[in-house]
Amino acid sequence: MKHTIFHIDVNSAYLSWEATYRINTQVSCIDLRTIPSIIGGDESKRHGIVLAKSIPAKKYGIKTGESLFSARQKCPSLVIVPPNYKLFMQCSNAMVDIFKEYFPLVERYSVDECFLDYTNMSHHFGSPISFAHHLKDKIQKELGFTVNIGISNNKLLAKMASDFEKPNKIHTLFPNEIQEKMWPLPVRDLFMVGRASNAKLIKLGIYTIGELANSDPELLYAHFKSHGYLIHAYANGIATSIVKPCSPEAKGIGNSTTISFDVTDSRTAKLILLSLTETVCMRLRDSDMIAKMVSVSIKSHDFISLSHQMQLTESTDITNDIYKAICTLFDEAWNKEPIRHLGIRVSSLSSKTNTQLSLFDFDKHEKYTALDESIDKIRLRYGNTSIIRASFLHSGLRPLNGGMPEENYPIMSSLL
DNA sequence: TCTGGGGTCCTAGGACCC
DNA sequence: TCTGGGGTCCTAGGACCC
């Protein structure tokens, strides 16, 4: 059966959302989307990269991911605004709520992208193109920002289509349009061809998606292993993934941070690791999961990364137990190079309910579980900084680091 | 590169077993 | 030790996405 799939992509999401917010709250009468502007981090904290850009900023050659320093060199009058992730989540939720008015099934691919399955909906809502216009215009009218919508028979082609001309546009990329609309594009534009694959393909003399589509899959396998078969199929518009009812359960939970200075002593490093462990464990408990695998990653002053991982003897969600493992891993892994970035991650997750506990650890387990529970409650009620570990006092370091469990933000319409 | 933070998946190589 | 051939599991690193 032929499916009809939509891919919705918010145009310059972070920037559009901030612009919409500023207009609606009269913070400023200037629409950020109409001037060279970007959403970016704080250079003094070494978080200085471009997260999103306006179309006028793009005209200066500014790219997502580049340093603020180089962006400002390209455009000295550039307006730089810090990210407001709570706002972004509200805007994303508001958009998903609109989709749910029509679609029983919304796949949230990222904060600013969704897949929808329009198969068999034409007799209710009209042709895919006319309904896509209705959807796009409704979002703009009710929420104030624009989206691109890509339409095809599978997710890959719908996603490629939404990436064509922007903003506020609807494109189709049905199989009979592949040759004309997709094959002339540079191979780098294909989903799953990143920097490394692009460089290797260029060396093989493959420059366009069409050339990739028509190259020998065995040659690709020789250079890319299974990834070669994947990008060959994608270049031919072949993909089998279906729109999923909801996001599958997470495989792991991690937080990481770039530190505003180079860390050269293990005491400071471990305090930062503790601040990351606190937030990761809060998220873990929030999701009612326990973890068996723990890993630490370190990025040095000269951008060399290393990682180290271990299995715990038993799955847990106890901050103290996970932190102990983190410290062991750090001591084993650190080569004394100055540290720029630290990360921790837990994985091999299982559901907390109906898990057996060894009798041996029962008392200790009870004690720490009760402790974590109380701390989580106090933080939920009085704020995340209301209770912190004594070791952070006078340290000048943040006691919690990285994303927190999702709070219940008011939906956007009530905010505007 | 004055180069973020959250993820997923794949693979090479080593340990270990028979 | 002038040492075979599978299989499985684990780890570190790297690729990709937003």
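In what follows, every chain begins at residue 1, and chains take the letters A, B, ... in the order their sequences are listed.
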> Closer than 4.0 Å, any side-chain N/O of A/Ser307 to the OP1 or OP2 of C/dG13?
Replying inline: yes
> Checking all strands, does A/Val111 fall into the base, sugar-phosphate, or nothing category for heavy-atom contacts under 4.0 angstrom?
Replying inline: nothing
>> Here's a test of your reading of the structure: between A/Ser226 and A/Ala250, which maps to the more 5' nucleotide of DNA chain B?
In response: A/Ala250
>> Closest approach to the side chain of A/Thr258, judged atom by atom: which nucleotide of B/dC2, B/dC9, B/dG4 is it?
In response: B/dG4
>> Need one value for A/Leu306: base, sugar-phosphate or nothing, where a base atom within 4.0 Å counts as base even if backbone is also close, heavy atoms only.
In response: sugar-phosphate
>> Please tell me if A/Arg108 has a side-chain N or O lying less than 4.0 Å from either OP1 or OP2 of C/dC18.
In response: no
> Do any side-chain nitrogens or oxygens of A/Lys159 fall under 4.0 Å of OP1 or OP2 in C/dC18?
Replying inline: yes
> Is the NE2 atom of A/His301 crowded by more than 12 outside heavy atoms at less than 6.0 Å?
Replying inline: no
> What is the distance, rounded to the nearest whole Å, between atom CZ of A/Arg46 and atom P of B/dG4?
Replying inline: 9 Å
> Considering heavy-atom distances to DNA chain B, does A/Ile253 or A/Gly48 have its closest nucleotide positioned more toward the 5' end?
Replying inline: A/Gly48
> Atom CD of A/Gln309 and atom C1' of C/dT11: how far apart are they, to the nearest Å?
Replying inline: 5 Å
>> By the 4.0 Å heavy-atom rule, please label A/Ser70 as base, sugar-phosphate, or nothing.
In response: nothing
>> Tell me which nucleotide, if any, is Watson-Crick or G-U wobble paired with C/dC18 when both distances must be under 3.5 Å.
In response: B/dG5
> With a non-hydrogen cut-off below 4.0 angstrom, is A/Glu43 in contact with a base, only sugar-phosphate, or nothing?
Replying inline: nothing
> Any Lys/Arg nitrogen of A/Lys159 or A/Asp9 sitting under 4.0 Å from an Asp/Glu carboxylate oxygen of the other?
Replying inline: no
> So does A/Arg195 get a side-chain nitrogen or oxygen closer than 4.0 Å to the phosphate oxygens (OP1/OP2) of B/dT1?
Replying inline: no
>> So for atom NZ, which belongs to A/Lys169, do other residues, nucleotides or ligands contribute more than 12 heavy atoms lying within a distance under 6.0 Å?
In response: yes
>> Looking at C/dA12, I'd like to know if its phosphate oxygens (OP1 or OP2) sit under 4.0 Å from a side-chain N or O belonging to A/Ser295.
In response: no
> C/dC18 and B/dT3: how far apart are their P atoms, nearest whole angstrom?
Replying inline: 23 Å
> OP1 or OP2 of B/dC10 less than 4.0 angstrom from a side-chain nitrogen or oxygen of A/Lys225, does that happen here?
Replying inline: no
>> Whether A/Ser197 contacts C/dA15 is assessed here as follows: a side-chain N or O lying under 4.0 Å from the phosphate OP1 or OP2. Is that the case?
In response: no
> Looking at side-chain heavy atoms only, is the closest gap between A/Lys155 and A/Tyr109 below 4.5 Å?
Replying inline: no
> Using a cut-off of 4.0 Å on non-hydrogen atoms, how would the nucleic acid contact of A/Gly343 be classed: base, sugar-phosphate, or nothing?
Replying inline: nothing
> Can you tell me how far C1' of B/dG5 sits from CD1 of A/Ile344, to the nearest Å?
Replying inline: 14 Å
>> Among B/dA12, C/dC16, B/dC2, which nucleotide has an atom closest to any side-chain atom of A/Met192?
In response: C/dC16
> Between A/His227 and C/dA15, does any side-chain N or O lie under 4.0 Å from OP1 or OP2?
Replying inline: no
> Does A/Arg72 make a side-chain N or O approach to OP1 or OP2 of B/dC2 shorter than 4.0 Å?
Replying inline: no
> CZ of A/Phe303 versus C1' of B/dT1: gap in Å, rounded?
Replying inline: 7 Å
>> Tell me the interatomic distance from A/Lys45, atom NZ, to B/dT3, atom P, rounded to whole angstroms.
In response: 15 Å
> Relative to the ring of A/Tyr102, is the ring of A/Phe131 parallel (under 30°), tilted (30 to 60°) or perpendicular (over 60°)?
Replying inline: perpendicular
>> If we check side chain to side chain donor-acceptor pair (under 3.5 Å) with A/Arg285, which of these qualifies: A/Thr369, A/Asp376, A/Asp317?
In response: A/Asp376
> Are there more than 12 heavy atoms of other residues, nucleotides or ligands under 6.0 Å from atom NZ of A/Lys138?
Replying inline: yes
>> For a quick check of understanding: with a heavy-atom distance under 4.0 Å over all strands, which category does A/Gly41 fall into, base, sugar-phosphate or nothing?
In response: nothing
> A/Leu312 CG to C/dC10 C1': how many Å, rounded?
Replying inline: 15 Å
> C/dC17 base stacked by A/Phe191? Criteria: ring centres under 5.5 Å, plane angle under 30°.
Replying inline: no
>> Does B/dG6 have OP1 or OP2 under 4.0 Å away from a side-chain N or O of A/Ser256?
In response: yes
> Hey, what's the ring geometry for A/Phe88 with A/Tyr85, parallel, tilted or perpendicular (30° and 60° as the breaks)?
Replying inline: perpendicular
>> Taking only side-chain N and O atoms of A/His341, does any of them lie within less than 4.0 angstrom of OP1 or OP2 on B/dG4?
In response: no
> Between B/dG5 atom P and A/Asn255 atom CG, what is the distance in whole Å?
Replying inline: 10 Å
>> Measuring from the side chain of A/Tyr109 (C-beta onward, heavy atoms only), which nucleotide among C/dC17, B/dG4, C/dG13 has the closest atom?
In response: C/dC17
>> In whole Å, I'd like the distance from the NE2 atom of A/His47 to the C1' atom of B/dT1.
In response: 16 Å
> Is the distance from OP1 or OP2 of C/dG14 to the nearest side-chain N or O of A/Ser305 less than 4.0 Å?
Replying inline: no
